Amino acid sequence: MSRSICCLFVLMIVAGWSMPAALLAADTVCIECHGGQEGRLGAPVAQWRTSVHAANGISCNDCHGGDPTDYAMAMSPERGFIGVPKYTEVPDFCGRCHVGVAEDYKAGAHGQAIDRGAAQCVVCHGNHAIQRASLDLINETDCSRCHSYERAALIRMSLVETDTMVRKVETDLDRLYRLGFAVNDMQDRLFNQRNVFHRTFHGVNVDEVRQKTAGVQAELGKINMEVASIDTTLGERKLWGSVTIAIFILTGVVFLLVRKAYEEDEKG
Ligand code: HEC
Ligand code: HEC
Ligand code: HEC
Ligand code: HEC
Ligand code: HEC
């Protein structure tokens, strides 16, 4: 009797104890073991937790390979462990998932000069604490480490200009959608242009970026015109709405005046 109570007690403690671990379902043997290591072996865990990859369920083993369920065999090549890529191997390492980006990168000046130490993925994005990308990654401090900033600045200018336009069209379409307009077609076209746009940077080619962003801007311009024409119709509708209301009010006032005059007439 007392033994089974004791057992129950122990079970409860164990269950309570393992609860937080069970909730962190993403905790693999990689994270458990590396989390307890010092220095360069432990640091990746805390950094990775802040990353866009952790937020999207991409864990140590998704990048490094290996078996995340087996303590003893976790880092065995037989279980697909890749280990740490060399500098020149990084584009293929990341490119297993980011196929289009890796393609553009390899065809561009950085990809072509990677043997001469040109920037690759982790130079710009980092490795474990990777965040959502933004045009802020293109800045004088980071881009002038290996060459002058001049060409980088030209690329940044075209991209920022186009990005601003993309955002404006996004807001406009959201607004029209909320007003009940059918904007599916325009949204599809915006989606396509956004894809083209986000595939311009990694080739780091000033002329190509200019040419592609000009194409994107032209298409966005067309969507802008359609938005403007809907807005004009909306404006006219609003105008007619106000005129109608004014007529209603006027009619009401006239009616009241007439009735008042009539009532006074009756009294008199
Ligand atoms: C039981 C502890 C333990 C487990 C489990 C474990 N590691 Fe390791 N890991 C280590 C130690 C210790 C080292 C450094 C010594 C070595 O390279 O073997 C290391 C090294 C590494 C390195 C660097 C290798 C290098 O060449 O510098 C990577 C990457 C790595 N582990 C990833 C993983 C991944 C991914 C998993 C899960 C699939 C994992 N580890 C599971 C203890 C562990
Ligand atoms: C997005 C892919 C990615 C993920 C996810 C990832 N790593 Fe890495 N890791 C890399 C890359 C790339 C390198 C090579 C470092 C470099 O070139 O800057 C690396 C290097 C390492 C090293 C060697 C560090 C050194 O200084 O020698 C260890 C250890 C390591 N990773 C462990 C982990 C652990 C543990 C996790 C999970 C918490 C993890 N990595 C998650 C991409 C990743
Ligand atoms: C010279 C710096 C640099 C290098 C090298 C680089 N990137 Fe980028 N990356 C950027 C910048 C800047 C952006 C933002 C561009 C944009 O918004 O279109 C970006 C955007 C991205 C995005 C988001 C794309 C999207 O559709 O929004 C991914 C994913 C990415 N990079 C992965 C990689 C990978 C993988 C590599 C290596 C093959 C790499 N990057 C090499 C600077 C770099
Ligand atoms: C196992 C697949 C996988 C690998 C390998 C991988 N990633 Fe990712 N990455 C993802 C997923 C999934 C996302 C989140 C979904 C998304 O928004 O694209 C992501 C997101 C990103 C983003 C943010 C994209 C954005 O929209 O801003 C960047 C930047 C990025 N990864 C860079 C890298 C770099 C650099 C490497 C190599 C060190 C790498 N990734 C390796 C799967 C992977
Ligand atoms: C680790 C060094 C390194 C970093 C950091 C770096 N680059 Fe480069 N870049 C190179 C090398 C090497 C080349 C090829 C040699 C050349 O053409 O000068 C190159 C070439 C280029 C070119 C094409 C050549 C030209 O003049 O038109 C552009 C554009 C460029 N980089 C933009 C950038 C941008 C933007 C950044 C920052 C997001 C950046 N680079 C960061 C090393 C780097």
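Atoms considered below: every heavy atom in the structure, side chains included; atoms not considered: hydrogens, waters and symmetry mates. Counting starts at 1 for both ligands and their atoms, in listed order. Everything numeric in this text was worked out from a predicted model, so none of it was measured. When a residue number appears, it is its place in the shown sequence, counting from 1.
A donor-acceptor contact shorter than 3.5 Å is absent between the side chain of Ser59 and the backbone of Asp62. A side-chain donor-acceptor contact under 3.5 Å links Asn56 to the backbone of Val52.
Taking 2.8 Å as the criterion, His98 counts as a coordinating residue of atom 8 (Fe) of ligand 4, since one of its N, O or S atoms falls below it. Atom 8 (Fe) of ligand 4 has no N, O or S atom of Cys94 inside 2.8 Å of it.
Any protein N/O/S atom under 2.8 Å from atom 8 (Fe) of ligand 5 was counted, giving 2 altogether.
At least one N/O-N/O distance between Arg132 and ligand 4 falls below 3.5 Å.
Considering only non-hydrogen protein atoms, atom 25 (C) of ligand 5 sits nearest to Arg151 NE, 3.7 Å. In this structure, the protein non-hydrogen atom closest to atom 4 (C) of ligand 3 is Cys124 SG, 3.3 Å. Closest to atom 15 (C) of ligand 5 among all protein heavy atoms lies Arg116 NH1, 4.0 Å. The protein heavy atom nearest to atom 22 (C) of ligand 3 is Ala133 CB, 4.0 Å. In terms of protein heavy-atom proximity, atom 14 (C) of ligand 5 is closest to Ala113 CB, 3.7 Å. Nearest protein heavy-atom neighbour of atom 33 (C) of ligand 3: Val101 CG1, 3.4 Å.
With a heavy-atom cut-off of 4.0 Å, His202 touches ligand 3 through its side chain alone.
Atom 18 (O) of ligand 4 is not flagged as protein-proximal [any protein heavy atom, distance under 4.0 Å].
Heavy-atom separations between Asn127 and ligand 4 are all 4.0 Å or longer.
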